[in-house]
Amino acid sequence: MSKVLILDCRDYGDVEDKIARIFEEFPGQWSGKKVLLKPNMLSNRPPERGVTTHPDIIRAATKWLLEAGAQVTVGDNPGSNGRGINERCAKGTGIADAALGCYKNISQEAVTVELKSRFTRQATVSKAVMDADILVSLPKFKTHGLTQITGAIKNAFGILVGGEKQRMHAVAGNYRNFAEVLVDIYQIRQPDLVIMDAIVGMEGNGPSSGDLRHIGKIIASDDGVAVDAVMATMMGKKPERIYLLKLAGLRGIGETDVSKLEIIGELDVIRDFRMPSTFICQIAGGILNNRVYRSLTSHKPFILTDKCKSCRVCLESCPAGAISIPGKFPLIDRKTCIWCYCCQELCPNDAIELRRRV
């Protein structure tokens, strides 16, 4: 039976004792082990934006592991590519400082591994992920316009190096296929321990431009799928209605039935928690003919010209090559767009929103 620990934690100034409790509840042989702490370091946003794993949690986990004698590395691959982007994201998010000297740009060394997927045969991932004796995943409690939630399974997407993220979006093509690819990637190297930052979460159109929601929890387990199932339940959704979790459950790589979990702490449903605007559309997409779904229900990215700074991040991150900048502002080719929402997710100025039938 998978065990999930749900701890009350009102603010980030109170995390050290909580992190210590987690390591006590999930003991391991840490001394001399190479431990990779993998946060959610999506983009260069300050901690108060609630987009990335809060540095206080990273600092507490790093400190505990160092004192336990572990060889700690803290690192992730952010969503955007480019020279120096990893270091900028680590510094801007506060993760580099919180790593207590253990931060490393893990994108600099990569290996190609077999990927058991019907979409592609291999994936290029950070060597540090494969070399680690113990992988600790530190996801954030957030919604996601494409996958509905972003937690432990989605956090595994960050093991991919460089343009691999864009390639995976391109080979998948739609949200159901992409969910399958994410589970494929998660199975490359499942985390040994998951510690989810649920003190301040995100609702609405996450994972970067949603609304912050104080939740006051830290969730932990050695079963990442169970952590995601608990998160979905707290959001007021049945885990089996989240396609990502449904696939993980069918493959037997973690427990999605919360009634079968050993839960330590209170599993409370958050009142009036808002899912992405795409949520109902995706549920309908599993029922309707795909062509009808695409024409009637799907949300599309729309450029907000009053916020756009012409930074070109959307252009550089679009897996389908659907974005051009013929003038001052980006232009999206609707026929080429695969609705992966990478542009909305990675826009540093929140200048892209999802609208129905643009």
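Quick note: residue numbers are just sequence positions, from 1.
Between His144 and Ile149, every side-chain heavy-atom pair lies at or beyond the 4.5 Å cut-off. Using a 4.5 Å heavy-atom cutoff, the side chains of Glu240 and Thr256 are not in contact. Looking at Val227 and Val230, their side chains never come closer than 4.5 Å, going by heavy atoms from C-beta outward. In this structure, Asp272 and Arg274 have side chains that are not in contact, with every pair of non-hydrogen atoms separated by 4.5 Å or more. The shortest side-chain heavy-atom distance between Met234 and Lys217 falls under the 4.5 Å cut-off. Inter-residue side-chain proximity for Met41 and Asn86 is flagged as met; some heavy-atom pair is nearer than 4.5 Å. Residues Leu354 and Pro276 form no side-chain contact, since every pair of their non-hydrogen atoms from C-beta on lies 4.5 Å or further apart. For the pair Cys347/Ser209, no side-chain contact is recorded, criterion being any heavy-atom separation below 4.5 Å from C-beta on.
Note on Leu138 and Val72: same hydrophobic cluster, where clusters join Ile, Leu, Val, Met, Phe, Trp and Tyr whose side-chain heavy atoms are under 4.5 Å apart, directly or indirectly. Phe26 and Ile134 fall within a single hydrophobic cluster, where Ile, Leu, Val, Met, Phe, Trp and Tyr are joined by side-chain heavy atoms under 4.5 Å apart, directly or via other members.
With hydrogens and angles ignored, the 3.5 Å screen pairs no side-chain donor or acceptor of Ser221 with any backbone N or O of Ala226. Between the Thr143 side chain and the Gly204 main chain, a donor and an acceptor come within less than 3.5 Å of each other.
The only member of Thr73, Asp76, Leu65 that meets side-chain contact (heavy atoms from CB on, under 4.5 Å) when paired with Leu37 is Leu65. Checking each of Phe178, Tyr341, Tyr175, Trp339 against His169 for a ring pair (Phe, Tyr, Trp, His ring centres under 6.0 Å) leaves exactly one that passes, namely Phe178.
For the pair Lys260 and Glu255, the salt-bridge criterion is not met [side-chain N within less than 4.0 Å of a carboxylate O]. Salt bridge absent: Lys33 and Asp192 never bring a charged side-chain N and a carboxylate O closer than 4.0 Å. Here Asp197 does not pair with Lys142 in a salt bridge; the nearest charged N to carboxylate O distance is not below 4.0 Å. The pair Arg45-Asp350 meets the salt-bridge criterion, with a side-chain N (NZ, NE, NH1 or NH2) lying under 4.0 Å from an Asp/Glu carboxylate O.
Between the OH atom in Tyr103 and the OG1 atom in Thr62 there is a gap of 13.5 Å [rounded to 0.5 Å]. Rounded to the nearest 0.5 angstrom, Glu345 CD and Ile352 CD1 are separated by 11.0 Å. Leu115 contributes atom CG, which lies 5.5 Å from atom CE of Met168 (distance to the nearest 0.5 angstrom).
No hydrogens or angles considered: a donor-acceptor pair under 3.5 Å links the side chains of Arg167 and Thr120. Looking only at atom types and distance, the side chain of Glu87 has a donor-acceptor partner in the side chain of Asn105 under 3.5 Å away.
Surrounding CD of Gln29 are at most 12 heavy atoms belonging to other residues, nucleotides or ligands under 6.0 Å away. Open room surrounds CZ on Arg312; 12 or fewer heavy atoms of other groups in view lie less than 6.0 Å from it.
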